[in-house]
Amino acid sequence: MKPNRGSSIVRAGWKSTYELPPGLNRIKITFGSIFALFFIFFLFDGCTGPFTQGKALYEANCSRCHGSDGQGFENLYPGIRESPYLHEKNLNLACVIVYGSTFLDQNSHKSADPLMPENKHLTSVEVLNIVNYLSWEFGKQTQHTIESVMRNLEKCEP
Amino acid sequence: MKLLSEKGSIFIFCMLFFQILGCQSNQEAPLPILGIPEIQKNGDTLFHTIPEFSLVDQDSNKVTNSTFKNKVYVADFFFTSCPSICPIMTRQMKRIYEQFEHENKLMFLSHSIDTRHDSVPVLKAYADRLNINHDKWRFVTGDKSEIYALANDYFNVAYEDEDAPGGYDHSGKLILVDSQGHIRSFCDGTDPESVDEFMKDIAQLLNEEKKRQNQLTHQ
């Protein structure tokens, strides 16, 4: 049986490990260390946040006003970190995200001007992603479930 | 023979080097006057100039061309309830404002394109929340058709569009206007790097205006 060309090259590559001159061996060591660095990088990369989808949705829909760091901007756009909707359990964060000022005004929490826009294009799973990301990044790190978000959204449906 | 060619190549390198140096020292050329100039019948060139306007600012003051007499100003078009690009533009405008806070020759002019919602009190609340000096940064409203026509003169586009986020579509350019009403520079107000370059142009124009006014007082 004639081995195909690709596999013979691979085999030669493996075999040649011990036959390489010292100079080339050093090259291999550097490749090895680069690989190790990448491995370590990926390990730590995993630690930067479990809610990557929520983070992406936040960046796309919310961060222009509230800032990537959640700090808000001057007195125009309130920061996320200090928002009571993130820290008080009985307040309905999901409805703020979806209905914006319409919901905030109904609850007479604060007459927001400039108005916070609605985000009705978000599905309830996406709202869940954002809520979980926000509470992980800026809040008490409590986990929410799709059931609790849907229950909350039903409460404020106009 | 070989030596000669080596010398020759060194010579050419030197020439190139000095040429590059020369180009760099030429960078202080004045900013161009942007827009399509009109050639009049007598052969004079009429540069693109911001036309006469009369608008109302956040403190109900009338704002006209003479508000910016002997001043340089940065203009943009926005609306307070804009969810898309305005928050980023306003952040960048505030960055420029902070950079030149003590420069009394520089002013800011933000036109609202949502004249229905952005009344004087709304603009006032907006300006208050932004923590700025109301004399230095004017938020204006006025006749809708006048503002939309002005947008064109500032190389901006503004129109109502039900499909756009917030109901209005507009470009996010920041425009630099000199004391003669000529547009001298612009940038993309949503791109911080573009704004960095723009701030260099502002500093250069301010220098130019100072020199101009010194010359005028000496005459």
Side-chain angles (χ1 to χ4, degrees), chain A residues 54-85 93-123 126-127 130 134 137-138 158, chain B residues 58 76 78-98 101 108 110 112-134 136-137 139 141 161-170 172 188-192 195:
Chain A
K55 188 179 163 70
L57 286 163
Y58 175 80
E59 293 289 342
N61 294 289
C62 324
S63 72
R64 284 188 297 266
C65 292
H66 298 293
S68 310
D69 50 3
Q71 295 283 16
F73 175 58
E74 300 293 340
N75 296 326
L76 271 182
Y77 309 118
I80 301 278
R81 288 171 194 276
E82 54 268 26
S83 169
Y85 281 90
L93 177 61
C95 287
V96 180
I97 294 171
V98 176
Y99 297 103
S101 288
T102 328
F103 176 76
L104 286 168
D105 288 349
Q106 275 170 9
N107 288 267
S108 65
H109 197 75
K110 203 166 146 193
S111 168
D113 203 18
L115 303 168
M116 177 173 166
E118 294 178 333
N119 289 293
K120 283 181 179 167
H121 60 281
L122 295 172
T123 65
E126 287 172 333
V127 174
I130 296 176
L134 290 180
E137 185 76 45
F138 308 121
Chain B
Q58 70 266 38
D76 75 338
F78 84 115
F79 57 109
T80 59
S81 55
C82 160
S84 51
I85 59 171
C86 308
I88 307 172
M89 280 167 62
T90 307
R91 265 170 219 259
Q92 294 302 325
M93 282 283 272
K94 183 74 197 289
R95 193 158 72 91
I96 302 172
Y97 175 89
E98 278 166 0
E101 199 165 5
F108 295 83
S110 291
S112 168
I113 58 168
D114 181 3
T115 48
R116 212 176 319 155
H117 175 258
D118 290 346
S119 57
V120 169
V122 170
L123 290 177
K124 182 163 175 59
Y126 192 85
D128 280 340
R129 283 162 187 261
L130 204 53
N131 296 324
I132 47 111
N133 177 350
H134 288 223
K136 201 172 159 73
W137 192 342
F139 292 87
T141 181
D161 180 3
E162 276 180 21
D163 297 332
Y168 296 87
D169 216 341
H170 66 113
D188 177 1
T190 60
D191 175 18
V195 174

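Each chain gets a letter, A, B and so on, in the order the sequences are listed, and its residues count up from 1. Just so it is clear, the structure is predicted and the values come from calculations on it, not from any experiment.
When each of B:D128, B:T190, B:N131 is checked for heavy-atom pairs under 4.5 Å with chain A, B:N131 comes out on top.
Applying the salt bridge (Lys or Arg N to Asp or Glu O under 4.0 Å) rule to B:E162 yields no partners; only residues at least two apart in sequence or on another chain are considered. Scored by the salt bridge (Lys or Arg N to Asp or Glu O under 4.0 Å) test, B:K124 finds B:D59 as partners (sequence neighbours excluded). Taking the side-chain hydrogen bond (donor to acceptor under 3.5 Å, both in side chains) definition, one finds that A:T102 meets it with A:E118, sequence neighbours left out.
The interface of residues 64-74 of chain A with chain B, defined by heavy-atom distances below 4.5 Å, comprises A:R64, A:C65, A:H66, A:G67, A:G72, A:F73, A:E74.
For B:T90, the parts lying under 4.5 angstrom from a heavy atom of chain A are both the backbone and the side chain.
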